[in-house]
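Below you'll find the structure, written out as structure tokens, and then a few comments.
By convention in this document, chain letters (A, B, ...) are assigned in the order of the sequence lines, proteins followed by strands, and residues within each chain are numbered from 1. Below, all heavy atoms of this structure are taken into account, side chains as well, without hydrogens, waters or symmetry copies.
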2 protein chains.
Amino acid sequence: MNVGELARTVDTKAETIRYYERIGLLPEPPRTSGNYRDYSARHVSRLSFIRRARDLGFSIEQIRVLLDLADQKEQSCAAVDAIARAHLADVKRKLADLTALRRELDSLIGQCRHGTVAECRILEALAP
Amino acid sequence: MNVGELARTVDTKAETIRYYERIGLLPEPPRTSGNYRDYSARHVSRLSFIRRARDLGFSIEQIRVLLDLADQKEQSCAAVDAIARAHLADVKRKLADLTALRRELDSLIGQCRHGTVAECRILEALAP
DNA sequence: TATAAACCTTGTAGCCACTACAGGGTCAAG
DNA sequence: CTTGACCCTGTAGTGGCTACAAGGTTTATA
């Protein structure tokens, strides 16, 4: 399976796959005689894991640790749990920030009287 | 007022102020005999506007347009309103995404049985 | 007056997670 | 045997800063 096929399989751009290889997140696959990357099922599942974790907003570094942990089957999963919880806390912080932001923007826009720029409440609210 | 004083006044790093100048968002101030930037009240208010808009999540490019519009006092403020609404729509999209994300992470973490990595539900949920 | 500390200057490189080329090589279909 | 769709590497760009390095200026103190 070459990079384009893998890309279609996991719905990821070929450039992104090569990027993951470059930063050491996805192991280098063997090459064909024509120097094409030749991926196996293990690559597919590792890349799927990465993409799923990225979709959930985990950082590359977090994913790196998660993949390492996944290989230590005997260990407790406390570290995995901790990473997930840290990420959840981060998401909650962002949600709170965005919620406050939406309220401010709502009020800003609600004040617009559709007049001239000179009497614009939105610009007024942004000005000092 | 030099760059450090301006930085303290508007609670922004000096590097950021110079960055705004470099990208043409904040006009170049005159210089003192020792080649120090010499800011006036106009700079303070322009930078305050920029920072307030950044805090509300407007992009640099949106702020550039807002500042341009603010100078055309006779024009209708429809364009200002449109930018604010577009940004609000963006914030709402992000809120929806983050809310879905939080739900997924909540459920992921809720499934953790605190056992070994081999039976970790979080890693299972991430795997394909 | 000397000097040290605290500023200022410019330019450049780094952050994150990609994305987009350019300039070449390979491969399958017709 | 040519065409076009892929692949390769390497580099540069994105946004919005942030962090140096290596020098110049100003201010406070000895």
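Residues satisfying the ring-ring contact (aromatic ring centres under 6.0 Å, His included) test with B:Tyr19, not counting sequence neighbours, are none. Residues satisfying the salt bridge (Lys or Arg N to Asp or Glu O under 4.0 Å) test with A:Asp97, not counting sequence neighbours, are none. Not counting sequence neighbours, B:Tyr36 has no partner by the ring-ring contact (aromatic ring centres under 6.0 Å, His included) test.
The CG-P distance, from A:Asn2 to C:dA28, rounds to 10 Å in whole Å. Atoms CZ (A:Arg37) and C1' (C:dT26) sit 14 Å apart, rounded to a whole Å. The CG atom of A:Asp38 sits 15 Å away from the C1' atom of C:dC27 (whole-angstrom rounding).
In this structure, B:Thr32 reaches neither bases nor backbone, as no heavy-atom distance under 4.0 Å exists between it and the strands shown. Among the protein residues, A:Arg51 comes within range of the sugar-phosphate backbone only, with heavy atoms under 4.0 Å from sugar or phosphate atoms but none that close to a base.
When each of B:Arg54 and A:Asn35 is assigned the nucleotide of DNA chain D bearing its nearest heavy atom, the one mapping closer to the 5' terminus is A:Asn35. Both B:Gly34 and A:Ser33 lie close to DNA chain C; mapped to their nearest nucleotides by heavy-atom distance, the more 5′-ward contact belongs to B:Gly34.
A donor-acceptor pair under 3.5 Å links the side-chain atoms of A:Arg54 to the main chain of A:Phe58, judged by distance alone. Distance alone, capped at 3.5 Å, places no donor-acceptor pair between the A:Gln72 side chain and the A:Leu69 backbone. Panel note: side chain A:Asp38, backbone A:Met1; a donor-acceptor pair is recorded below 3.5 Å. When atom types are taken as modelled, the side chain of B:Ser48 and the backbone of B:Val44 share a donor-acceptor pair closer than 3.5 angstrom.
Comparing C:dT19, C:dC18, C:dC8 by their closest approach to the side chain of A:Ile60 singles out C:dC18.
Contact annotation: A:Lys13 does not reach the phosphate of C:dA17 (side-chain N/O to OP1 or OP2, under 4.0 Å). An OP1 or OP2 oxygen of C:dT26 is reached within less than 4.0 angstrom by no side-chain nitrogen or oxygen of A:Arg31.
Listed by residue number, the members of residues 17-25 of chain B with any heavy atom below 4.0 angstrom from DNA chain C are B:Arg18. In the region residues 94-104 of chain B, proximity to DNA chain D at under 4.0 angstrom, judged on heavy atoms, holds for none of the residues.
Between A:Lys94 and B:Leu98 the shortest heavy-atom distance is CB-CD1, 3.6 Å. Taking all atoms of both residues into account, the shortest heavy-atom contact from A:Cys112 to A:Ile122 is CB-CD1, 4.2 Å.
In the model, A:Tyr39 has no side-chain atom that pairs as donor or acceptor with a side-chain atom of A:Arg46 under 3.5 Å.
For the pair A:Asp55 and A:Arg52, the salt-bridge criterion is not met [side-chain N within less than 4.0 Å of a carboxylate O].
On the nucleic acid side, DNA chain D has its first and last nucleotide under 4.0 Å of a heavy atom of chain A at D:dC6 to D:dT9, going 5' to 3'.
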